[in-house]
There are 2 protein chains.
Amino acid sequence: MPEAPIYDPCVTVTTDGMHPDVSELRLAKVLAALGDEGRLTTVQALARLGESDCTRLQADAGLTMSRSTFSHHQKVLREAGILRARVQGSRRFLTLRRDDLNARFPGLLDAILASPASR
Amino acid sequence: MPEAPIYDPCVTVTTDGMHPDVSELRLAKVLAALGDEGRLTTVQALARLGESDCTRLQADAGLTMSRSTFSHHQKVLREAGILRARVQGSRRFLTLRRDDLNARFPGLLDAILASPASR
DNA sequence: CGACGTCGTCGATGTTTATCGAACAGCTCT
DNA sequence: AGAGCTGTTCGATAAACATCGACGACGTCG
């Protein structure tokens with residue numbers, strides 16, 4: 001019995017080992033990632049802020065969960081291809097992948113951001 | 001200690017006890033409902049068919065799951081406010097709630113339906 | 001009436017997810 | 001060096017979810 005593979009399938013094909021390529025974005029996965037109240041408000045807050053590190057984003061989105069939980073959600077959004085992380089020093093700066101999402105799913109992001117704030 | 005309430009909160013406020021009112025549609029819930037490969041293709045198939053009973057819809061969407069599972073998914077979509085069920089005789093006819101979704105989340109449905117068939 | 005077709009519900013099972021705290025690693029600043 | 005901040009990962013737990021087969025309700029067709 002061979003050892004279980006180490007690499008995450010989501011990552012194998014991908015260029016940088018973290019963010020899926022535009023061509024790899026799957027609609028169901030994007031929608032599932034956004035289908036959570038916390039992650040949705042996170043994305044809406046990020047759209048306002050433009051770019052932000054995790055701590056500020058979490059505060060700005062008004063999320064009271066623990067940091068580890070937020071880290072988990074951030075990962076889900078990243079793996080779905082919704083946001084991009086750029087590490088600088090000890091901080092991780094997040095941005096919405098607006099262009100990529102628009103290229104692959106035209107109008108989707110606008111519709112979601114324009115929607116009444118999560119309510 | 002009082003007994004737990006019997007009624008599903010999703011249903012209590014609602015007019016007909018099955019379909020949420022337009023004003024009750026929650027974006028996160030809609031997205032979560034669509035964030036499943038099977039349900040997404042179901043909705044896309046339903047958009048093509050216009051109206052369909054469950055059996056035909058399931059076949060047309062190419063879903064091989066059991067009927068009880070499909071029934072479950074259909075319920076999720078219904079409770080999220082994405083489709084409407086009209087019972088006639090022994091059959092249940094399903095339609096997309098296009099107008100309601102457009103009214104509440106303009107552009108969302110179009111973006112989703114226009115997207116490359118689930119891939 | 002009786003067979004069949006269409007569906008929802010129930011109970012069980014296995015998987016995925018959300019959540020937390022603890023521990024850890026890397027930067028920054030003094 | 002040492003304290004503090006930023007953020008991830010791990011292990012545990014509980015809740016939610018997808019899935020199935022069996023059953024029952026109801027309509028329809030012969």
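Order of the sequence lines fixes the chain letters, A, B, ..., with proteins taken first and strands second; residue numbering starts at 1 for each chain. The structure presented is a predicted model; accordingly, all values stated were derived computationally and were not measured.
- Put simply, CG on A/L94 is 8 Å from P on D/dG7, counting in whole angstrom units.
- In this structure, A/L94 and A/L57 have side chains that are in contact, with non-hydrogen atoms separated by less than 4.5 Å.
- Between A/R92 and the phosphate of D/dT8, there is a side-chain N or O to OP1/OP2 separation shorter than 4.0 Å.
- Counting only heavy atoms from C-beta outward, the side chains of B/V22 and B/R97 approach each other to under 4.5 Å.
- B/D36 has its CG atom 17 Å from the P atom of C/dT15, to the nearest Å.
- Put simply, the side chain of A/R84 does not reach to within 4.5 Å of the side chain of A/M18, judged on heavy atoms.
- There is no side-chain donor-acceptor pair under 3.5 Å between A/S68 and A/S71.
- A/Q88 has its CD atom 12 Å from the P atom of D/dG7, to the nearest Å.
- Contact between the side-chain N/O atoms of A/H72 and the OP1/OP2 oxygens of D/dC10 is not found at any separation under 4.0 Å.
- A straight line from CZ of B/R67 to P of D/dG21 spans 11 Å, rounded to a whole angstrom.
- A sub-4.0 Å separation between OP1 or OP2 of D/dC20 and a side-chain N or O of B/T69 is present.
- Under 4.0 angstrom from either OP1 or OP2 of D/dA18 there lies at least one side-chain N or O belonging to B/R39.
- Between the side chain of B/D36 and the main chain of B/R39, a donor-acceptor pair closer than 3.5 Å is present.
- With a 4.5 Å cut-off on side-chain heavy atoms, A/L49 and A/R56 count as touching.
- Proximity note for A/Q74 (side chain, C-beta onward) versus D/dT8, D/dT19, D/dG7: the nearest is D/dT8.
- Between A/S66 and A/G89, the residue whose closest nucleotide on DNA chain C is further toward the 5' end is A/S66.
- Note that the two end axes of the helix from C/dC1-D/dG30 to C/dT30-D/dA1 enclose an angle of 20°, each drawn from 5 base pairs, rounded to 10 degrees.
- When the side-chain nitrogen and oxygen atoms of A/S68 are compared with OP1 and OP2 of C/dC20, none of them lie within a distance under 4.0 Å.
- Going from atom NZ of B/K29 over to atom P of D/dA16 covers 12 Å, rounded to whole Å.
- Here the side chain of B/R91 is nearest to one of D/dT6, C/dT9, C/dT6, namely C/dT6.
- In this entry the distance linking CE of A/M18 with C1' of D/dT9 reads 11 Å, nearest Å.
- At least one side-chain heavy atom of B/C54 sits less than 4.5 Å from a side-chain heavy atom of B/F70.
- Between the NE2 atom of B/H73 and the P atom of D/dA18 there is a distance of 6 Å, rounded to whole Å.
- Rounded to a whole Å, the CG atom of A/D53 is 16 Å from the P atom of C/dC27.
- Contact annotation: B/S90 side-chain N/O to C/dT6 OP1/OP2 distance is not under 4.0 Å.
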